[in-house]
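Working notes, structure below.
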Amino acid sequence: MNDDRPRFTLDDQEVAFTPGQTILEAALAAGTYVPTLCHHPEFAPHGSCKVCTVRVNGRTQSSCTTPAHPGDVVELHSEELDDLRKSLVQLLFTEGNHFCPSCEQSGNCQLQAVGYELGVVSGHFNPLFPTRPVDASHPDVLLDLNRCILCELCVRASAQVDRKSVFALSGRGITKHLVVNAESGRLGDTDLAVEDKAMSVCPVGVILRKRRGFRVPIGERKYDRRPISEVALDEAEGERR
Amino acid sequence: MTDLEKAADPSKLRRIAIEPVSRVEGHGKVTILLDDQNRVHQVRLHIVEFRGFERFIQGRPYWEVPVMVQRLCGICPVSHHLAASKALDRVVGARRVTRTAELVRRLMHYGQILQSHALHFYHLSSPDLLLGFESEPERRNVVGVLAAYPDIARQGVMLRKFGQEAIRITAGKRVHGTGSIPGGVNKSVSASERDELARALPQVLEWARLGVRMVAELHAKNRDTYERFGTVRSSLLSLVGRDGKLDLYDGVLRARDADGAIIFDGVEPDDYHAQLRENVRSWSYMKFPFIRSRGAETGWYKVGPLARIQNCDAIGTPLAETARQELMATSPGALIHAPLLFHWARMIELLHAAEVIGGLLDDPDLQGHDLTTSGPRATSGVGIIEAPRGTLIHHYEVDSQDLVTMCNLIVSTTHNNQAMNEAIRQVAREYLDGHEPTEGLLNHIEVAIRAFDPCLSCATHALGKMPLWVEIVDARGDVLQRLTRDGERSPG
């Protein structure tokens, strides 16, 4: 097939792209998986998790926020970048309380799946074990802040799609945390509904439908049969159709 | 306080520690205090692990509990998984789960009984029984059994594999699966999965029969030792089916005294606390349960295979019932209290598990699609199951926001705490007292502990209830300061 679209180089391979695409979008469209945790095709690029970091013409960039340019030389996999990505994911694990063995999102969790993809076998860093109480005040939704990675997908979904702005981030640096928009600070005092978009975008196990945990058997969960590198490419193709 | 539990003047005695106790699940030690003539003054089984599940399950959503609490153990996680599910069935209003759910759970549980019993007998205990209590320690292990009795060792490995496969098929993984959820299960068994187990079952039954015969023959060859070794009389406790027959998944509590008379019977799981209490001793992380009406000093009891097969009226599967009758015939008219006969009872239960699995595989409802049920919510639930090592009690309270506010676990090994301590004291009296301790003699102590198949990881789950005793001593060993939180007087 004759493809006269502009191209850039991704790890020594030429990738054709449509003007306006980011490096991450172009890579996915070309069949190359780029690990990410805060990216969602229905929302504008966010660039907060940095797991999709690449080197563009020698400069470190988030591939989800950097537009593809003709002739760019993009490095996705190198020992240094792979180590950096792995460390970022390990830091996310150690900053929160991620106990995969008893987490109902295990097998469906993007953080866990990316961890497997990057070869994370331990937290490496000393865990902080922060104290983050569970908010179970909503009749149908459990908010388990122990697992929050501050991707802001729920914030974006609630504001941009649901038009409710139930969620926000508060604080700076290591004290940054997810809050809910209610005077009491309790989810039960917001107008969040189970049909909201914010209910379906959490890449980890923070915003959960109550009383549904572990209903999907092992073997049928999202990442049980195939790694996220394959699942993500299928999803990207589905989005394009 | 019983004889040999506390020496009158420990400071003048020599201390021997068996640490760790080997070929058991978890970490424990035995301390023995001897005088200059090697007379035994004190023997204690200590559990040196520290867990804390009862505390950190608080504040978690109830549906997470069956998956989280099973991490107490790597050998019998299914027991915790199912006991928690049964307790939480009550919370979600599932007074009775669907038939398919019960069949799947039973298959998971009897698979667990089979694999755990195989692991315990063939891997952990058979080295003592086949090679000798005082055989070379370097060879007294499963590798030694493999060299001396390759067929027996292989049968043990394959039996365990079959049980693990039954667990994998029902729970999704061989260890720490997720099959059982409050109100039912998340999958049934497909026809191909059923066929996979059914194909292997005839051979499993044959190996199980051989296992029972082997233990019976070991007993016959050395009957005096088997019946005297560590024998201590006590009451017995177990679930029995509502028809009085052996049922390891569900039923009512029954207790007998040492002579076989019923102490209580037909006790519903919800009422366990009216009959059982727990006591705390200053020297152990493991609690000491007792039958309330008998009091803390004399109300201790045994649980596990030997208790179960004597507590029930009969076993509902033919091969195991025949084997049970043969065992009971060794002690006509009297209960058997010999720890080494736990092994015989355990192998009878292994055979029973294989027979039960055969019946479950033949039931078309095992492949049903009606997996969960629910009803009016409750704020608390008790689930009791007969784990491989004995009666396992899970009790939870859940608030209106679905979070656990209270968790009480009484696990099999904890029930046997006093019985194990008494058994090793009995062995110490008979074999160690007055003799220079050797590795072989000390292994006798471990043999008695192993007979109970303790799971020391499961047994140390309490947080905030254990006694604490800190001594600051100078270079000469004189105590300068002693800080205590007196567990002796703390209720369980």
Under 4.5 Å from a heavy atom of chain B, the part of A:Asp224 involved: neither
Side-chain donor-acceptor pair present, A:Ser184, A:Asp189, cut-off under 3.5 Å: yes
Intermediate values then yes/no, side-chain hydrogen bond (donor to acceptor under 3.5 Å, both in side chains), B:Ser180 and B:Arg105: CA-CA 7 Å; B:Ser180 183; B:Arg105 285 183 181 183; 3.1 Å; yes
Pick from B:Asp399, B:Leu403, B:Val185, B:Asn186 with the largest number of heavy-atom pairs that fall under 4.5 Å of chain A: B:Asn186
Which atoms of A:Asn146 approach chain B - backbone, side chain, both or neither, heavy atom under 4.5 Å: side chain
Atom CG of A:Asn126: over 12 foreign heavy atoms under 6.0 Å: no
Nearest heavy-atom neighbours spanning B:Glu64 and A:Arg147: OE2-NH2, 3.1 Å
B:Ser192-B:Ser190 side chain donor-acceptor pair, cut-off 3.5 Å: yes
Pick from B:Val69, B:Ile181, B:Thr372 with the largest number of heavy-atom pairs that fall under 4.5 Å of chain A: B:Ile181
Residue among A:Gly188, A:Ser137, A:Pro139 with most heavy-atom pairs under 4.5 Å to chain B: A:Ser137
